[in-house]
Number of protein chains: 2
Amino acid sequence: MHYPSSRLWENPVTKVSPIDLVARLQRPARTRAGGVVIELEKQRSASDPGYVCPASGLALIDMAWIEELTYVRRRVKRGDALFLANDQFASIYALRNGFFKTVQGLEDGREQVTGFQMSGEIMGMDGIDTGRYGSTALALEDSDVCVLPYALVANHSNRNDELQRQFHKVMSREIVREHGVMMLLGTMNAGERLAMFLLDLSRRFSARGYSASDFVLRMSRGDIGSYLAMKLETVSRAFTSLHNLGIVHVDGRHVQILDFADLERHRGQTSRRDRD
Amino acid sequence: MHYPSSRLWENPVTKVSPIDLVARLQRPARTRAGGVVIELEKQRSASDPGYVCPASGLALIDMAWIEELTYVRRRVKRGDALFLANDQFASIYALRNGFFKTVQGLEDGREQVTGFQMSGEIMGMDGIDTGRYGSTALALEDSDVCVLPYALVANHSNRNDELQRQFHKVMSREIVREHGVMMLLGTMNAGERLAMFLLDLSRRFSARGYSASDFVLRMSRGDIGSYLAMKLETVSRAFTSLHNLGIVHVDGRHVQILDFADLERHRGQTSRRDRD
DNA sequence: CGGGGATTTGACACATATCAAGAGCGGTGG
DNA sequence: CCACCGCTCTTGATATGTGTCAAATCCCCG
């Protein structure tokens, strides 16, 4: 699979080009605490506030710490990649505004959506281990991202217990989320999976001040299916089923949850009779 | 589900009881850097080396850092729990010797194995976010575990870049692993899943100096099925299939991989004809 | 040596995949 | 403004992989 990447050529907010940044961060043979990062910090504290990623949209998610660390922002257009699987890892990314999916590929070409990210959520942590990203992050709508150079995060969290804690929590949360997905894929049928998916989206929209019961999906049926491990036709049928039961109103990508209690209940037992 | 827990009553290696340890770690209203942890460190540097977890068995896995942080070791008998889902989080655990599974539960009682851990691997990181473990860790054989109080890990990694990096890597690795499992569950059929599973085990045994091609499974067909999201009967049939194809020799829990190339290939396409 | 869980195997059911066709819908250009 | 294209989505008919239920055997552990 080949996606257009916004990687090295788009840098509307900062004066320092990402290329320089990456080059500096990767400059070898200097202790992290000593040279490189401090140098970056000096730049960061220069008088131009433009490259500081305002945390406004993120406050709800308890991520003021991101503000401290943002070195540069990046805009990613719908359909473009923030990073590609196998790219050299240098930064994690906090989504400030917009919507992403992360996609993981197999050698033989099969691929799967491993997550959807919305504002305040972090991408790229799967790159820390091997030094290369394990997945590709694709914008599902025009988005605005805070670039958090990993070296900076690491360095700051040495001296800021709260930041360290937040960072650990973010990674832990990702582990917990993935446990949940494994659970979903391992123990639930199609109807339950979709119900869980909608409830999860609802909760996350709600946490950001949007309606919990009325929202527009940013992803296609195929993406949902890939994430939930079912074919797009099955996703469509499951939507139709929920719609016919009067639990949600579905019109294309516009979803209205009509009965949360039923949807919650659905998330526990569904079977053939529901479709009739 | 109710499992016997080794939690508060088993502490054969250290002089400080886990109860005291936990109590101290949880003592509120003291900065982490200041009071509590330093206090622990003093104890740790006392003349009794017994409570330091020798890193011997872990060296291969690049985890010498664990040695520095181990405050106490714990023995967990087969079938007992190291920690239970919903237990108050205080420590992560490095498996020194033995074999574990981690199990996640749904409110309605359904549960799933989310991972198998062998020596050198870390458990409990899913507790950092919420302060409670998200899963239960059950010993599949008598095991020996290094207890790494989270406060200690956090404190040390403030002052030790390498340790910080290792810790981040371990969490990242867990995220990557879970992406892999999602992939497995989302895109592969039963035969492929089992092939992947066996190759994964093989690799991990091999990394610990055991045979890559001849090993004894510590877990039941049911556990494997739970992990791979298939019924135990299906696991059994998939084993039989691999056996009949001459790719692996299976005798109960004793597995010998006869043809790695075929097994790798199997991990890419399997279908009905393989069973005939 | 006995008992009970673990495993295997078979027959059948069912949830979901697959294949196929058509409908909706937004964008584009004549 | 309409026609057309390409996409996504829906719906139907059928195929199939895996689940379910059941029974027999194995074998581990007390």
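All chains are named by letter (A, B, ...) in the order of the sequence lines, taking the proteins before the strands, and each is independently numbered beginning at 1.
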Checklist entry - What pairs with E141(B) under side-chain hydrogen bond (donor to acceptor under 3.5 Å, both in side chains), at least two apart in sequence or on another chain? => result R218(B)

Checklist entry - Can you name the side-chain hydrogen bond (donor to acceptor under 3.5 Å, both in side chains) partners of S172(B), sequence neighbours left out? => result none

Next on the checklist: Quick test of your reading of the model: are R73(A) and D144(A) salt-bridged, counting only N-O distances below 4.0 Å?
Outcome noted: yes

Item to check | Residue T240(B), side-chain heavy atoms: nucleotide from dT16(C), dC27(D), dT9(C) that is nearest | outcome: dT9(C)

Checklist entry - Residues two or more places apart in sequence or in another chain: which of them pass side chain to side chain contact (heavy atoms under 4.5 Å, CB included) with S226(B)? => result Q112(B), V113(B)

Enumerate the protein-to-nucleotides 1-7 of chain C contacts in which both atoms are nitrogen or oxygen and the separation is below 3.5 Å.
unit_1, atom_1, unit_2, atom_2, d
dT7(C), OP1, R253(B), NE, 3.0
dT7(C), OP1, R253(B), NH2, 3.4
dT7(C), OP2, R221(B), N, 2.8

Checklist entry - Given that V235(B) and M230(A) both sit by DNA chain C, which one's nearest nucleotide is further toward the 5' end? => result V235(B)

Checklist entry - Who passes side chain to side chain contact (heavy atoms under 4.5 Å, CB included) against T130(B), sequence neighbours left out? => result R132(B)

Checklist entry - Looking at residues at least two apart in the chain, or sitting in another chain, which of them share a ring-ring contact (aromatic ring centres under 6.0 Å, His included) with H243(A)? => result H249(A)

Checklist entry - Starting at CZ of R78(A) and ending at P of dC7(D), how long is that distance when rounded to a whole Å? => result 13 Å

Checklist entry - Which residues satisfy the side chain to side chain contact (heavy atoms under 4.5 Å, CB included) test with A139(A), sequence neighbours excluded? => result V76(A), F100(A), S143(A)

Compile the donor-acceptor pairs under 3.5 Å between side chains in residues 198-205 of chain A and protein atoms, sequence neighbours left out, one pair per line.
unit_1, atom_1, unit_2, atom_2, d
D200(A), OD1, R203(A), NH2, 2.5
D200(A), OD2, R204(A), NH1, 3.0
S202(A), OG, A212(A), O, 2.6
R204(A), NE, E121(A), OE2, 3.1
R204(A), NH2, F116(A), O, 2.5
R204(A), NH2, E121(A), OE1, 2.9

Item to check | Spacing between L228(A) atom CG and dA17(C) atom P, to the nearest angstrom | outcome: 11 Å

Item to check | Verdict with reasoning, S119(B) to R208(B), per side-chain hydrogen bond (donor to acceptor under 3.5 Å, both in side chains) | outcome: CA-CA 8 Å; S119(B) 65; R208(B) 284 159 183 78; 3.2 Å; yes

Checklist entry - Which whole-number value in Å describes the distance from L140(A) CG to dT8(D) P? => result 12 Å

Checklist entry - Does a donor on one side chain sit under 3.5 Å from an acceptor on the other, for E178(B) and H179(A)? => result yes

Just the atom pairs and distances: protein N or O near nucleotides 18-24 of chain C's N or O, under 3.5 Å.
unit_1, atom_1, unit_2, atom_2, d
dT18(C), OP2, K231(A), NZ, 3.2
dT18(C), O4, R237(A), NH2, 2.9
dC19(C), N4, E233(A), OE2, 3.2

Item to check | Sequence neighbours excluded - salt bridge (charged side-chain N to carboxylate O under 4.0 Å, His left out) pairs with any residue from residues 219-235 of chain B | outcome: K101(B)-D223(B)

Item to check | Position toward the 5' end of DNA chain C (nearest nucleotide), D251(A) or A190(A) | outcome: A190(A)

Item to check | Euclidean distance, atom CG of residue N189(B) to atom P of dT16(C) [Å, nearest integer] | outcome: 17 Å

Checklist entry - In whole angstrom, what separates L217(A)'s CG from dT10(D)'s P? => result 10 Å

Checklist entry - According to the salt bridge (charged side-chain N to carboxylate O under 4.0 Å, His left out) rule, which pairs have a member within residues 245-257 of chain A, sequence neighbours left out? => result none

Checklist entry - To 10°, what angle do the rotation axes through the five end pairs on each side of the helix from dC1(C)-dG30(D) to dG30(C)-dC1(D) form? => result 40°

Item to check | Between C1' of dT18(D) and CG of L185(A), the distance in whole Å | outcome: 16 Å

Checklist entry - What is the nucleic acid contact for A229(B), judged by heavy atoms within less than 4.0 Å: base, sugar-phosphate only, or nothing? => result sugar-phosphate

Item to check | Spacing of H243(B) atom NE2 relative to dT9(C) atom C1', expressed in whole Å | outcome: 14 Å

Checklist entry - When the distance from CZ of R193(A) to C1' of dA17(C) is rounded to whole Å, what number comes out? => result 13 Å

